[in-house]
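Report on one structure; see the data block that follows.
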Amino acid sequence: MTPLDYDRKHIWHPYASLSNPPRVRLAERGEGVEIVLSDGRRLIDGVSSWWCVAHGHNHPAIVEAMRRQSEKLCHVMFGGFTHDPAVELAERIAAFAPKGLDKVFFADSGSISVEVAVKMALQYQQAKGRPSRCKMVSLKGGYHGDTACAMALSDPDGMHVLFRGMMPTHYFVSKPEGGLPALAEWSRELENLVEEREGEIAGIICEPVFQAANAMNFYPPEYLLEMRRVCDEHDLVLVFDEIAAGLWRTGVRWAHERAGISPDVMCIGKALTGGHITLAATVASEGVADAISSGDVGAFMHGPTYMANPLACAAANASLDLFSRSDYGAMARRIESEFKDSISSLGSLPNVRDVRIKGAVGIVEVERLPSREDIDRVIDETGVWLRPFSNYIYAMPPLVSDSNVIRRIANAMSEMAKLPPGPETSGDFHE
Ligand SMILES: Cc1ncc(COP(=O)(O)O)c(C=O)c1O
């Protein structure tokens with residue numbers, strides 16, 4: 001049995017069936033912006049392997065940092081021990097994070113960092129003597145991960161609807177769409193909800209400026225100012241999930257920087273290790289950390305087995321070092337202008353509803369996705385890996401992609417956007 005045959009019969013892939021699995025390709029190596037397949041063909045990774053491979057695959061500096069660390073200590077429990085890579089990373093994250101956020105909890109994935117952020121909000125309220133405040137306010141159109149709490153905060157009518165029965169319930173405000181003209185009404189909705197439910201609400205969580213995996217929606221930073229104001233007025237914890245948008249993906253270090261305010265808690269992941277190994281972090285303000293620590297319990301109650309894994313911390317240190325050495329904002333903004341030149345015109349195609357571009361994110365929203373077979377054919381013919389989902393043909397390439405790479409990605413997007421719409425169900429695979 002070939003590896004692909006075995007895989008087809010025994011291994012689940014994300015959001016996939018085992019009896020009718022989607023096609024997968026056998027990846028052998030990563031080289032810069034490319035994935036090399038076992039038959040030698042190369043694909044440009046137009047989605048940075050789900051938005052994390054910011055510096056390119058197998059970056060020598062990150063690989064070397066992990067190799068050196070592997071010779072000393074691959075893992076040690078974080079209960080009772082610490083180690084240099086974790087301490088260095090906490091310092092680096094604090095230096096990168098918005099002012100005032102320098103208390104770091106290391107988590108093993110983005111979803112877990114969201115769970116941790118919510119627990120922080122709840123423990124904060126408990127410590128302040130308000131134990132009934134155990135719900136979050138979230139935004140429709142959002143996505144925060146696939147674990148129970150993260151699902152419960154994601155769009156209530158989205159991909160997790162199947163699990164509604166087991167999920168905790170939270171409160172939702174409308175998707176932030178309609179730009180600045182819609183802000184006043186949206187803000188009233190938020191304010192009314194918080195006033196009505198004040199005794200139940202611990203905090204507000206959102207993906208700042210860019211709602212990624214659910215709605216692929218950009219919204220003005222002014223919405224963040226309203227969330228900040230409401231949180232300040234009601235002593236709620238403001239959580240910004242920067243897992244997708246952070247680390248220059250939208251053209252600035254943190255998407256929320258555009259609003260000129262800071263959250264109380266921030267989640268980071270994905271590009272933290274440059275896509276080399278899983279690691280995320282939840283970073284809290286002194287105010288949140290102090291309140292939790294001086295509450296009845298005192299301890300913050302979370303502690304995964306692989307917390308602050310030294311190999312992952314070493315990778316993240318090397319990744320943040322790369323981020324600090326070059327102007328990644330300029331790279332993302334150059335990609336933005338190249339996407340504007342190359343894919344904006346796709347808006348006039350019959351199957352296209354809208355084209356949206358910000359930083360190193362290019363989105364073509366279609367009436368209906370082409371068939372899987374047609375999408376696969378374009379991937380094979382253009383040598384560009386894209387993974388359209390729902391109604392979106394999109395690219396989030398490695399930030400180090402040069403102009404030629406962006407041209408090839410734009411060409412593949414354009415070929416896909418020109419295809420006829422596929423059957424009703426073809427867009428039914430996520431992220
Ligand atoms: C904004 C946001 N939050 C959380 C997550 C979950 O991260 P992970 O897949 O690492 O659990 C994602 C993943 O796409 C995300 O985009």
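Whatever order the structure lists ligands and atoms in, that order sets their numbers, starting from 1. Positions are given from 1, in the same order as the sequence printed here. Treat the numbers as computed from the prediction; the structure is a model and nothing was measured.
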What atoms of ligand 1 come closer than 4.0 angstrom to any heavy atom of H144? 3 (N), 4 (C), 5 (C)

Stepwise side-chain hydrogen bond (donor to acceptor under 3.5 Å, both in side chains) check, S285 with K103: CA-CA 6 Å; S285 69; K103 311 294 179 201; over 6 Å; no

Does the salt bridge (Lys or Arg N to Asp or Glu O under 4.0 Å) test come out yes or no for D327 and R334, once each step is laid out? CA-CA 11 Å; D327 189 348; R334 197 209 75 235; over 6 Å; no

Ligand 1 contact by W51, heavy-atom criterion under 4.0 angstrom: yes

Do E191 and R188 sit within salt-bridge range, that is, some charged N less than 4.0 Å from a carboxylate O? no

Within the 4.0 Å heavy-atom cut-off, what Y143 brings close to ligand 1 is both

Relative to ligand 1, is S111 under 4.0 angstrom through side chain, backbone, both or neither, heavy atoms considered? both

Cation-aromatic face contact R253/F96, 6.0 Å, 45 degrees: yes

Distance filter under 4.0 Å to D241 heavy atoms, resulting ligand 1 atoms: 1 (C), 2 (C), 3 (N), 4 (C)

Could you tell me, atom by atom, which parts of ligand 1 come under 4.0 Å of a heavy atom of K270? 12 (C), 13 (C), 14 (O), 16 (O)

Taking all non-hydrogen atoms of both residues into account, name the closest pair between S48 and M396 and its distance. OG-O, 2.6 Å

Of the choices A107, G110, G142, A213, which has the non-hydrogen atom that lies closest to atom 8 (P) of ligand 1? G110

For E207, the atoms of ligand 1 under 4.0 Å from one of its heavy atoms are 1 (C)

With side-chain contact (heavy atoms from CB on, under 4.5 Å) as the criterion, how do V378 and L386 come out once you've worked through the C-alpha distance, each side chain's angles and the decisive distance to 0.1 Å? CA-CA 9 Å; V378 172; L386 296 172; over 6 Å; no

